[in-house]
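Here the structure comes first, spelled out in structure tokens, and everything after it is commentary.
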Amino acid sequence: DEYSDFIFRFEFKLEPGANNGLGIRAPQGCDAAYCGMELQILDDSAEVYKSLKPYQYHGSIYGVVACKRGHQKKVGEWNVQEVIVKGRQVKVILNGETIVDADIDKESTPKTADGQNHPGLKRDKGFIGFLGHGARIEFRNIRIKDLAEKK
């Protein structure tokens, strides 16, 4: 199903250097980071990622909104994440700490943090999916609550 307003909860466990993402409000068949939104799922502690831009670390809205860092558990431990999307507001809670609370319109005006075109920011609904990049990541307790008003 496609979702507009929702709460998405899941637990994840990373291996060293793992990189993944959570695509939200994305259509099928394109790069969710641009034609939808991608929330980073990433091993922030990996040496290979030490020089990332602030909008590329775990929990960030890729290319658009930087997260508050320091709340991810050690590699190999389970993390709990909640994503709340209501209208133009996107909130990411990692292990009980709000790491993103952003109005995507304000965050992308006059341009996005990475200066790229992100047409997916204008979408009001779409699919949700994990965006694997080849690393092993475990997920469990995946739940979604649709907050959209039924017509």
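Quick caveat: nothing in here was measured; it's all calculated off a predicted structure.
- Put simply, Ile99 and Phe8 are part of the same group of oily side chains (I, L, V, M, F, W, Y) that touch within less than 4.5 Å, one to the next.
- With values rounded to the nearest 0.5 angstrom, Ile7 atom CD1 is found 4.5 Å from Leu147 atom CG.
- Counting all heavy atoms, side chain and backbone alike, Asn141 lies closest to Arg143 at O-NH1, 2.7 Å.
- The hydrophobic clustering, which links ILVMFWY residues whose side-chain heavy atoms are closer than 4.5 Å, places Ile24 and Ile142 together.
- Glu82 contributes no side-chain N or O that, together with a main-chain N or O of Ile93, makes up a donor-acceptor pair within less than 3.5 Å.
- Counting non-hydrogen atoms of neighbouring residues, nucleotides and ligands closer than 6.0 angstrom, the CZ atom of Arg69 exceeds 12 such neighbours.
- Smallest separation of non-hydrogen atoms from Cys67 and Gly59: CB-C, 4.0 Å.
- Within the 3.5 Å criterion, the main-chain N or O of Leu121 finds a donor-acceptor partner in the side chain of Arg88.
- Taking CG from Asn117 and SG from Cys35, the interatomic distance works out to 11.0 Å, rounded to the nearest 0.5 Å.
- When atom types are taken as modelled, the side chain of Gln72 and the backbone of Asp44 share a donor-acceptor pair closer than 3.5 angstrom.
- Ring-plane geometry between Phe6 and Tyr3 is classed as perpendicular, the angle between the planes exceeding 60 degrees on a 0 to 90 degree scale with a lower cut at 30.
- The two residues Tyr55 and Ala113 make their nearest non-hydrogen contact at CD2-CB, 3.5 Å.
- Of the possible donor and acceptor atoms, none in the side chain of Asp103 sits under 3.5 Å from a partner among the backbone N and O of Gln89.
- At a threshold of 4.5 Å between side-chain heavy atoms, the hydrophobic network of Ile, Leu, Val, Met, Phe, Trp and Tyr places Val80 and Ile128 in two separate groups.
- Considering only heavy atoms from C-beta on, Ser60 stays 4.5 Å or farther from Lys53 through its side chain.
- Taking both residues in full, the closest heavy atoms of Ile137 and Ala18 are given as CG1-CB, 3.8 Å, listed atom of the first, atom of the second, then distance.
- There is a path of hydrophobic side-chain contacts, each under 4.5 Å, that joins Phe10 to Val90.
- Rounded to the nearest 0.5 angstrom, Ile41 CD1 and Leu14 CG are separated by 8.0 Å.
- Side-chain N or O atoms of Asn19 include none that pairs as donor or acceptor with a backbone N or O of Leu42 at under 3.5 Å.
- Here the closest non-hydrogen pair linking Leu94 and His58 is CD2-CD2, 3.7 Å.
- Looking at heavy atoms from C-beta onward, Lys122 lies in side-chain contact with Asp105 at the 4.5 angstrom threshold.
- For the pair Tyr57 and Lys50, the tightest heavy-atom approach, listed with the atom from each and the gap, is OH-O, 3.3 Å.
- Screening residues 60-108 for ring pair (Phe, Tyr, Trp, His ring centres under 6.0 Å) gives no qualifying pairs among residues at least two apart or on separate chains.
- Looking at Ser45, its side chain never comes within 3.5 Å of a backbone N or O of Lys74 through a donor-acceptor pair.
- Looking at Asn79, its side chain does come within 3.5 Å of a backbone N or O of Lys73 through a donor-acceptor pair.
- With hydrogens and angles ignored, the 3.5 Å screen pairs a side-chain donor or acceptor of Thr112 with a backbone N or O of Gly115.
- The NZ atom of Lys111 sits 10.0 Å away from atom CD of Gln116, with the distance rounded to the nearest 0.5 Å.
- Contact annotation: the side chain of His118 approaches that of Val64 to within less than 4.5 Å [non-hydrogen atoms, C-beta and beyond].
- A salt bridge does not link Glu11 to Lys13: none of the charged side-chain nitrogens sits closer than 4.0 Å to a carboxylate oxygen.
- The CG atom of Asn20 lies 11.5 Å from the CG atom of Leu39; values are rounded to the nearest 0.5 Å.
- Considering only heavy atoms from C-beta on, Arg9 stays 4.5 Å or farther from Ile84 through its side chain.
- Relative orientation of the Phe139 and Phe130 rings is parallel, given thresholds of 30° and 60° on the angle between their planes.
- Met37 and Val100 fall within a single hydrophobic cluster, where Ile, Leu, Val, Met, Phe, Trp and Tyr are joined by side-chain heavy atoms under 4.5 Å apart, directly or via other members.
- The line from CZ of Arg25 to CZ of Arg123 is 9.5 Å long, rounded to the nearest 0.5 Å.
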